[in-house]
Every structure is written in C-alpha cells, then in structure tokens.
Amino acid sequence: MEVSINLETNVESVVLQPDYYLSNFKILLSFVADRYSFLLSEKESRFYKTFSCLSADAQKLLTRCYMRKGQLFRLDKLNYTEINDKDEALKELINANLVSELESQSVADWITLFNKAELVKAFNKSEWKNFKRKELELFVIEFCENHDIPQAIIDHTILFVPSDNFETYRLLFFGNLRQDLTEFVLQDLGLMTYESYSISDKSLAIKNRDEIDALKTLHELSELIHSRPEWTPELMDQAIERIPQLQSQSTLYLRRRSKIIYALARENERMGEYARAAEMYPQSQHELARERYIRCLEKLNKPELAWYELQKLDAEATSFHDKSFVLTFEKKLAKRLRETVKNRTSFYIEEQAIQLSRSQRSVELDVCDWLAQQGGVAYWTENSVFNTLFALIYWQGIFEDIEGAFYNPFQTQPADIYEPLFITRRESTLLKIRQLFQDGSCFRSHIRDTYQSKYSLACSFAHWQMVDAELLDTLLEKVPFSDMDKITQRILSSPKEFRSGQPDLIYFDNNGNYELIEVKGPGDRLQNNQKAWFDFYQKNNIPHRVIRVIYDD
DNA sequence: GGGCATTCCG
DNA sequence: TTCACACGTTCCG
DNA sequence: GAACGTGTGTCTCGGAATGCCCGG
Ligand SMILES: [Mn+2]
Ligand SMILES: [Mn+2]
C-alpha cells in the first residue's frame, strides 16, 4: 500500500501585503499585552500605548529598525518605498522618545557603520587604502584621539534605536530570544507550517518579572560564549559576575542557566582554573556537570573527595555516558588511592572489516554502494529514521495541549519534552496510543495515518524529506513492529538522551531482513552514545553491525 | 574579479 | 543557536 | 586508549546586495 502525500502550498503564489511586517509586529505586541500585562513594567506597558498612537509611517520605520541587527543605524541607509514620509516619521519617533540621534562621540559606536572606502575618503587618507579592515580601524581610532571627527562623518545622521522594550516583548512572545519576526513571514509564505495546538491563557512561558531580566542576561552571556572570545581572567570575572543568582524553580530558567554555568566552568578548566570550575559545576544541572566536577576534584589533588563523588554518581548513574565514565575513571582513581574496583564487564562489539578503494565521496556512501553490490539497498539516515517514527507514533502525545507546553505559535516541540515529567503529564494519551498496538496490527495504519495527515508539519523529531513515502513503506514492511516499538519507546523514555547516537545506515537485504549499520573509517571509533545504542541492540536482538572500512592505498 | 561571509528581505 | 558526528593531535600509564 | 580541540554539514528558505580579502 502506498502512502500518499498532501501537495504543499505553492510558494510562488503567495504575495504579502506591503505592510506585512507591521501587521506581524502588532500581533506580537498585542499577544504579549493580552497575556503578560501583569509582568510588564510601567515603561514597557507605556511602550505599547505609545506605539499604538503613532502614525503608520512612524510605526513602520520603527519596526524596520527592530528587524535589523543592532541599535545604531545610518539614516541614509533606511530606505523603504512603502514609507511615505521618512523625515516626518523620524520626528514623531524622536518626540515619542523611541529614537534619538546619536550624541556619543565614541568612535567604536559609529565606525562599524562605514565601510573601508567611506572611511578612507572621509579622513582623506589615501595611504590607508590598502590596510585590512582591522588595521584601518586602529588608525581611525588613533587619529580620532587627537583630531576632530571629520565633517564627512558628522554629516551622516546616526540613529540610536534602543531595543530593550521590544526585546522584552519578543522574549515574552516566543519564550526565547532566538526566534524573531521572520517566523511570521516563513509561515505566511508556506515555507514552514506548524501544528495547530491551542495556547491557553494560562500557558505562559514566563511567570515572574525577575525571570525576564535573568533570561535577558543569560542570552547575552550565551552570545558572548558563542562569539568565542579570548578568555582573559578579567573577562571571565565579568562573565561570572553576570550570572543571575535569582532563586527560581522555572525549568526554562534553570535549564538555560545550567548551560551557561557549564560552558563557563568548562572554559575555566581550559584556563587551568580548576578550583573555580569545581565551585561552578555543582550549580549546573547540565548532564555532563557531575563528570566534569569529579575530573576537577582529581586535578585539584582531592582524590578522596573525587572517589566519594564518583561512588555517589555510580549509585545514581542512569545514563550510559555516566556509567562508562565511572568505569574508566574509577580505575584511574583506585590506583592512586589503592582502592579495589569492582569487576565490571565493559562494552565490546565485533567489527566487520572491509577493504575499499578510495573515493571522492564520504565513507558512508561508499559502504552504501558496497552493500548494494551484496544485494539490497541501504540508506544513510543516522537518527532521522527512528526519530521520525517516534514522532509518528507518539504525535498526539507530543502535541497534546498540556498547560505550559505551548506558549507561542511557532513551536516544533513542547516546552517540557526534555523533562522527566513529560511522560507522566501525558500518561493517558500515551496509554491510549499503546493500546492501539495491543493486537499488533493497527500500528501500521496508525503510522501511515499520522504520516499522511501531519506530513510537512514542523516537528523537531520528524524528518519528512529524509523519510519519504517510499522509505516509510519499506520500514513498515521490513522492520518488525516489536523492534520499532522497543526503539521508539526508548526514545520516549528520554528524548534528550536517545535522540542521537543511532547508526549511520539502515540496510534492507533481498531476503526481507533489515539491519542497522554503523560505518567507521580508518581512524574513527564508536562514540559513547553510539555504544549505548549498540548495547541496547545486543540486549534486544535488534539486527546490527559495525563495518570498519580499510582503504587499499 | 572571484570567492566567501554576512545582512536584509519577503 | 545550536547540535551531531568525524577526524586529528596530545598526553599518559 | 583516553581526552581534547576542531572541522563540517544540518542549520527553518532562498535570493540579492554588500563588504572584505586575495590573487592575478
Ligand atoms: Mn555518522
Ligand atoms: Mn559512522
């Protein structure tokens, strides 16, 4: 039986209104004003009122600025045909205190707004022409210390458009600061379609005022870390100083704070600051924080404490990663402390070595071809196959209207998907789904129905382009339901831990069998999360293989 | 002038 | 705003 | 072998414009 697919909407046929972005911006503002007014400061509430009273031109100009990067703009670069009277709009915005002309004389503020040619010309220094951007900036800065800023620069009107109010609205609307107004456009153009869950009045991303400021700070720290700066002790001090100390049980807040603390502590390790790192890790709920903490204790010459923490971790360890860490690290510590270690069986798996001649393509594709020569067909899918099946099977649970799970219209997964309570909150729905499978015959139609009705809807686990209708048919035909069920149940038990680590290939031979195959190049080895899956396959009689490629040179 | 990254836009 | 994976180097017992 | 750092392809799309660098 074939799986048919709804045709996607024709992207070309969609034409947006000239003021599409203003409509979207207004939707965002009113959504927040309706749901979160109890969190807004006086200033933020006034912002909404003030904005609403502006002329359409002024609203458009301000929104256009918010859509751009940064808070400083050259007036001559703000050109929009749909704005009738830019100068009048600007006057309005300045009167409303939403925009001001830049007063700062600081070079660093305006220098990025000019390109090299403009700077060379404005300073009338043709000898600077061949400098690289970085060098040129140094000369400009030095020159401005002793001279007036050239008229050619001053002649440009530079606008300062503070975005802190908008950032608050954006944070409350999305529940994060990574999404922005382009979400609306992508949806309107039909490039992205979201599941139509309902968002109740009580389903809020943030519930305390203090969390707003804390989350903003965490986002700034996250951007700092992501920019990979040169970590000097001073910079690190400043960063750590900024970590919010707010006591809140909000999982959103704790998760993001834990991530920042972990990243900064890890950076302290690289700087050799093990003592400080060891102070930080216990404050983080990051899944690797306990391991790093113990490593730091060992570096700090506290093997007894490290041993104690390691035994504690061993008793509580649930993840394969923690267990294998305990296994290797206790040997190292035991030697030092003359302790004895329990005899544990470590993971082992046989590899099949094959010899191939070098090609231009990836080793995975080489093995796909090799398998095809043996008969049958192989797909390079990594995690996408079983994550997609997981989504298809448990879709109704994943997108169930649970309070707090969905708080903006552009989510690809519920907010609590990585929490242990995810399953408990959806217990009855998940049970109903499982009951469908009691007689073992309904699962195919359940999966097919979901595939057909939800096809192309955005879900962080569903990879529609990777698992096309043909592959889905093959899967349903060749993979026994009991295997599919075991694997997807495992993903359900901890989506965060088990959404990765699945092998490279899925292979279907000519005798109706399937097999999960990990390809390893000459210098590559199984990673921990890959071992965890193979361990699971071994214990559950799921067909699996590791193929080691050797190139004949 | 080509190659590449970033930004803006719909 | 990654994240998942592969690959190369260094270090140590 | 263990541990670490880094590179690469996914990136929520795809095109146009801009800016920078580098080699001819
Ligand atoms: Mn792989
Ligand atoms: Mn592989």
Side-chain angles (χ1 to χ4, degrees), chain A residues 8 11-12 14-21 24 63-70 73 77-82 112-119 130-137 174 176-194 218-219 221-228 256 259-260 263 266-267 269-270 288 291-292 295 298-299 324-325 327-329 331-332 335-336 346 362-364 380-384 387 410-412 456-460 462-466 496 499-504 518-530 549:
Chain A
E8 288 176 69
V11 172
E12 324 255 320
V14 179
V15 177
L16 302 181
Q17 295 294 312
D19 64 345
Y20 72 92
Y21 59 93
N24 296 338
T63 308
R64 282 298 194 183
C65 290
Y66 289 152
M67 290 166 72
R68 291 192 179 196
K69 205 185 162 183
F73 308 99
K77 297 276 189 184
L78 297 172
N79 297 309
Y80 298 100
T81 52
E82 80 279 5
T112 55
L113 300 176
F114 296 89
N115 66 26
K116 279 174 66 179
E118 287 169 334
L119 289 172
N130 292 325
F131 292 151
K132 290 180 186 173
R133 170 90 208 184
K134 264 271 185 283
E135 296 165 345
L136 176 63
E137 288 189 359
F174 291 110
N176 62 60
L177 285 169
R178 107 188 98 88
Q179 291 177 289
D180 57 36
L181 288 164
T182 63
E183 301 288 344
F184 291 89
V185 182
L186 293 179
Q187 185 177 51
D188 291 344
L189 291 176
L191 293 166
M192 197 63 60
T193 318
Y194 294 87
L218 287 172
H219 184 255
L221 286 171
S222 160
E223 286 188 323
L224 173 68
I225 293 164
H226 190 237
S227 72
R228 309 195 61 155
R256 291 183 193 166
K259 214 169 169 182
I260 297 298
R266 199 70 186 74
E267 214 52 64
E269 282 193 76
R270 293 187 185 107
L288 299 178
E291 173 194 332
R292 299 310 318 177
R295 288 185 191 277
E298 201 264 344
K299 290 272 189 192
S324 57
F325 164 66
L327 196 70
T328 53
F329 210 72
K331 285 181 194 155
K332 183 172 180 174
K335 204 169 280 180
R336 229 176 126 170
S346 54
S362 65
V363 65
E364 290 87 354
W380 183 12
T381 55
E382 311 244 7
N383 302 300
S384 56
N387 282 344
F410 307 107
Q411 287 179 235
T412 61
S456 90
L457 292 191
C459 168
S460 61
H463 303 269
W464 305 108
Q465 71 287 30
M466 198 70 123
K496 169 121 184 138
R499 68 178 304 166
S500 66
Q502 299 257 14
D504 294 314
E518 172 61 31
V519 178
K520 286 299 170 200
D524 191 14
R525 290 184 312 166
L526 282 180
Q527 302 178 16
N528 260 334
N529 57 355
Q530 295 174 328
V549 174

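Naming: A, B, ... by sequence-line order, numbering from 1 per chain.
Here C:dC11 presents its P atom at 11 Å from NZ of A:K299, a figure rounded to the nearest Å. One interatomic measurement links the two molecules: CG of A:L526 to P of D:dA2, which rounds to 12 Å at whole-angstrom precision. Between the P atom of C:dA4 and the CG atom of A:D524 lies a distance of 17 Å, rounded to the nearest Å.
Side chains of A:R295 and A:F329 form a contact here, defined as non-hydrogen atoms less than 4.5 Å apart.
Comparing the P positions of B:dC4 and D:dG9 gives an interatomic distance of 12 Å, to the nearest angstrom.
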(request) Convert the base pairs of DNA chain C into dot-bracket notation, remembering that pairs crossing earlier ones are written with [ ] and that bases paired across to another strand are shown as |; include only Watson-Crick or G-U pairs under 3.5 Å. (result) ..|||||||||..

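Partners of A:F174 by ring pair (Phe, Tyr, Trp, His ring centres under 6.0 Å), not counting sequence neighbours: none found. Among residues two or more places apart in sequence or in another chain, the ring pair (Phe, Tyr, Trp, His ring centres under 6.0 Å) test is passed with A:F184 by A:F173, A:F410. Contacts of A:T412 classified as side-chain contact (heavy atoms from CB on, under 4.5 Å), with partners at least two apart in sequence or in another chain: A:Y194, A:A458, A:S460. Residues meeting the side-chain contact (heavy atoms from CB on, under 4.5 Å) test with A:T328, sequence neighbours left out: none. Residues meeting the side-chain contact (heavy atoms from CB on, under 4.5 Å) test with A:V185, sequence neighbours left out: A:L16, A:Y20, A:N24, A:L189. Legend: residues meeting ring pair (Phe, Tyr, Trp, His ring centres under 6.0 Å) with A:Y66, ordered by chain and number and at least two apart, are A:F25, A:F166. Every residue two or more places apart in sequence or in another chain that forms a salt bridge (charged side-chain N to carboxylate O under 4.0 Å, His left out) with A:R336 is listed here: A:E298. Every salt bridge (charged side-chain N to carboxylate O under 4.0 Å, His left out) that A:R266 has, sequence neighbours left out, goes to A:E269.
In this structure, A:Q187 reaches neither bases nor backbone, as no heavy-atom distance under 4.0 Å exists between it and the strands shown. Counting non-hydrogen atoms under 4.0 angstrom, A:H463 reaches nothing in the nucleic acid.
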(message) For nucleotides 3-10 of chain B, give me one character per nucleotide, 5' to 3': B if any protein heavy atom sits under 4.0 Å from the base, S if the only such contacts are to the sugar-phosphate, - if neither.
(response) ----SSSB

(message) Treating primed atoms plus P, OP1 and OP2 as sugar-phosphate and everything else as base, which nucleotides of nucleotides 15-24 of chain D get B, S or - for protein heavy atoms under 4.0 Å?
(response) ----SSSS--

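At C:dC3, none of the side-chain N or O atoms of A:N383 fall inside 4.0 Å of OP1 or OP2 (strictly under the cut-off). When the side-chain nitrogen and oxygen atoms of A:K259 are compared with OP1 and OP2 of C:dC3, one or more of them lie within a distance under 4.0 Å. The phosphate of C:dC5 has neither OP1 nor OP2 within less than 4.0 Å of any side-chain N or O from A:Q530. Applying the 4.0 Å criterion to OP1 and OP2 of D:dA3, one finds that A:R295 has a side-chain N or O inside that range.
The 12-atom threshold is exceeded at NZ of A:K116, counting heavy atoms of other residues, nucleotides or ligands nearer than 6.0 Å.
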Scan nucleotides 6-9 of chain D against the protein and return all N/O pairs shorter than 3.5 Å with their distances rounded to 0.1 Å.
| from | atom 1 | to | atom 2 | distance (Å) |
| --- | --- | --- | --- | --- |
| D:dT6 | OP2 | A:R228 | NH2 | 3.2 |

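Side-chain proximity of A:R499 to the nucleotides D:dA3, D:dG5, C:dA4 is greatest for C:dA4.
In terms of modelled atom types and a separation under 3.5 Å, the side chain of A:E137 and the main chain of A:K134 share no donor-acceptor contact. Judged purely by atom type and a 3.5 angstrom limit, A:E135 uses its side chain to pair as donor or acceptor with the backbone of A:K132.
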